[in-house]
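Just so you know, ligand 1 is whichever comes first in the structure, and atom 1 is the first atom listed for that ligand.
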Amino acid sequence: METEVIQIDEHNIDEASKKSLQRAGQIIRDGGLVAFPTETVYGLGGDALNPDSSRKIYAAKGRPSDNPLIVHVADFEDLETIVKEVPDSARKLAKAFWPGPLTMIMNKNDRVPYETTGGLDTVAIRMPNNEIALELIRQSGGFIAAPSANTSGRPSPTVARYCIEDLSGKIEMILDGGQVGIGLESTIVDLTSDVPMILRPGYITLDMLKEILGEVEVDRTIIDSNSGAKPKAPGMKYRHYAPKGQLTIIQGEQSKVVEYINRKAKEAAAEGKKVGVIGTDATKALYDADVIKSVGNRQDERTIAHELFKVLREFDDENIDVMFSESFDDSGIGQAIMNRLLKAAGHNVIIL
Ligand code: TXA
Ligand code: MG
């Protein structure tokens with residue numbers, strides 16, 4: 001299959017872009033797949049109410065079919081037509097955070113096929129904050145099932161280039177809307193339990209949810225990698241976000257971290273390995289290795305969220321064998337950053 005790539009400027013959707021979005025919507029209505037930008041990461045979209053489309057999504061990603069998909073809507077009223085009932089908490093959260101990087105889990109009704117929910121009776125729903133995504137959803141009939149647009153296991157794409165790398169030849173169309181704003185996938189909150197529970201941390205933090213709902217819990221498996229418990233979001237159990245080379249996170253006082261990484265980088269280089277370092281704006285100049293990248297500025301962790309997946313992908317582009325990364329504070333949005341970084345490193349952490 002030939003994959004068409006179309007560029008659209010989210011902030012200037014002209015007539016030609018509208019026509020492209022109509023065509024993209026028709027592809028999805030006809031059971032085809034279109035990758036598109038959201039504010040978090042690129043999504044691989046198909047008709048959420050068509051079981052064949054969901055099967056195609058799993059096939060294109062190489063994803064296990066017990067790992068449910070998120071249904072994307074553009075209008076709150078549409079949500080009401082695919083769930084058993086809309087909890088009060090969902091109305092409050094939608095008012096506060098939609099469109100935006102928050103996914104809510106509710107009990108599904110019969111309109112949503114089990115192919116989309118990985119066999120579960122619940123469905124994950126979100127309204128993305130991106131004009132290209134919202135228009136595509138409307139043009140597609142209102143419900144787009146979309147996992148991140150990467151081959152299963154690889155870092156989620158935050159630029160179209162990596163959707164093209166993973167999905168070219170496997171899907172009908174890719175909409176290139178430039179680099180996404182946030183860079184990490186949405187926060188997932190389960191509203192079917194007595195107390196709402198965060199199943200995947202993201203840009204919407206625990207404190208932000210508590211402010212709206214009062215009591216909110218966090219799935220223990222997110223915080224404690226050794227708990228042995230099964231994550232409640234099926235996707236969280238899989239190896240994820242992994243670059244091709246081996247990544248180790250080094251935690252400790254800054255000067256010690258720099259010294260340790262430089263020493264290890266030298267050793268690895270002596271063994272003929274190509275070495276990459278993930279530093280920050282403040283430390284980048286202190287390292288000595290084949291490829292050194294700053295992932296952002298610690299004073300504004302949003303910059304780190306924005307760059308993390310892209311940096312991991314760039315190390316793959318440069319065939320890096322061994323990578324070392326600084327560690328980050330795990331409060332607020334740092335919880336999402338560390339959740340992804342730890343997974344990318346297979347929980348390989350050195351504490352100095
Ligand atoms: O930001 C995002 O959420 C992106 C963009 C494209 O919207 N999407 C995304 O989808 O990250 P995906 O498929 O890569 O991750 C969805 C996660 C998986 O861990 C999955 O197991 C979980 O959501 N999930 C989906 N439906 C669920 C359900 N009914 N119950 C529990 N977990 C669910
Ligand atoms: Mg994903």
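For ligand 1, the atoms lying closer than 4.0 Å to a non-hydrogen atom of Lys232 are 31 (C). Set against the non-hydrogen atoms of Ser186, the atoms of ligand 1 under 4.0 Å away are 1 (O), 2 (C), 3 (O). Heavy-atom contacts of Leu120 reach the following atoms of ligand 1: 28 (C), 29 (N), 30 (N) (cutoff under 4.0 Å). Interface of Ser148 with ligand 1, defined as ligand atoms under 4.0 Å from a residue heavy atom, comprises 8 (N), 9 (C), 10 (O), 12 (P), 14 (O).
A search for side-chain hydrogen bond (donor to acceptor under 3.5 Å, both in side chains) contacts involving Arg263 returns nothing, not counting sequence neighbours. Take Glu217 and apply the salt bridge (Lys or Arg N to Asp or Glu O under 4.0 Å) test, not counting sequence neighbours, and it matches no residue.
Within the sub-2.8 Å shell of the Mg ion (ligand 2), the protein contributes these N/O/S atoms: Ser148 OG.
Judged by distance alone, the side chains of Tyr58 and Asp66 never bring a donor and an acceptor atom under 3.5 Å apart. Between the side chains of Gln335 and Asn339, not a single donor N or O lies within less than 3.5 Å of an accepting N or O.
Between Ile28 and Ile144, the shortest heavy-atom distance links the atoms CD1-CD1, 3.8 Å. Scanning all heavy atoms of the two residues, the minimum distance from Asp316 to Lys244 falls at OD1-N, 2.7 Å.
The nearest protein atom to atom 20 (C) of ligand 1, hydrogens excluded, is given as Asn67 OD1, 3.2 Å; this is a heavy-atom distance. For atom 33 (C) of ligand 1, the nearest protein heavy atom (residue, atom name, distance) is Pro68 CG, 3.6 Å. Among protein heavy atoms, the minimum distance from atom 22 (C) of ligand 1 is reached at Ile188 CD1, 3.8 Å. The protein atom (non-hydrogen) at minimum distance from atom 6 (C) of ligand 1 is Gly43 CA, 3.5 Å. Nearest protein heavy-atom neighbour of atom 7 (O) of ligand 1: His72 NE2, 2.6 Å. If you check which protein heavy atom lies closest to atom 19 (O) of ligand 1, you get Gly235 CA, 3.2 Å. In terms of protein heavy-atom proximity, atom 5 (C) of ligand 1 is closest to Thr40 OG1, 3.6 Å. With hydrogens left out, the protein atom closest to atom 15 (O) of ligand 1 is Arg200 NH1, 3.1 Å, a heavy atom.
Evaluated by nearest non-hydrogen atom to atom 30 (N) of ligand 1, the leading choice among Val112, Thr103, Ile105 is Ile105. In the candidate list Glu185, Lys61, Arg63, Arg63 is nearest to atom 12 (P) of ligand 1, counting heavy atoms.
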Could you go through residues 85-94 and list every donor-acceptor pair under 3.5 Å that involves a side-chain atom there, pairing it with any protein atom two or more places apart or in another chain?
{"from": "Arg91", "atom 1": "NH1", "to": "Glu80", "atom 2": "OE2", "distance (Å)": "3.1"}

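In terms of modelled atom types and a separation under 3.5 Å, the side chain of Thr38 and the main chain of Val41 share a donor-acceptor contact. Side-chain atoms of Asp75 never come within 3.5 Å of backbone atoms of Asp78 as a donor-acceptor pair (strictly under, hydrogens ignored). Of the possible polar contacts, one joining the Asp290 side chain to the Val275 backbone as a donor-acceptor pair under 3.5 Å is found. A donor-acceptor distance shorter than 3.5 angstrom exists from the side chain of His306 to the backbone of Val180, with no hydrogens or angles considered.
Here Thr122 has heavy atoms under 4.0 Å from ligand 1 in both its backbone and its side chain. Residue Asp190 does not touch ligand 1, judged by heavy-atom distances below 4.0 Å.
More than 12 heavy atoms of other residues, nucleotides or ligands lie within 6.0 Å of CZ in Arg55, so this atom counts as buried by the packing criterion.
The residues Glu267 and Lys273 are annotated as not salt-bridged, no charged nitrogen and carboxylate oxygen being separated by less than 4.0 angstrom.
For ligand 1, the polar-atom distance check against Arg126 finds a nitrogen or oxygen pair separated by under 3.5 Å.
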Check the pair Glu307 / Lys293 against side-chain contact (heavy atoms from CB on, under 4.5 Å), numbers first and verdict last. CA-CA 10 Å; Glu307 289 300 300; Lys293 289 184 186 290; over 6 Å; no
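Ligand 1 is approached by Ala146 to a heavy-atom distance shorter than 4.0 Å.
Counting heavy atoms from C-beta outward, Thr116 and Asn50 have side chains that stay 4.5 Å or more apart.
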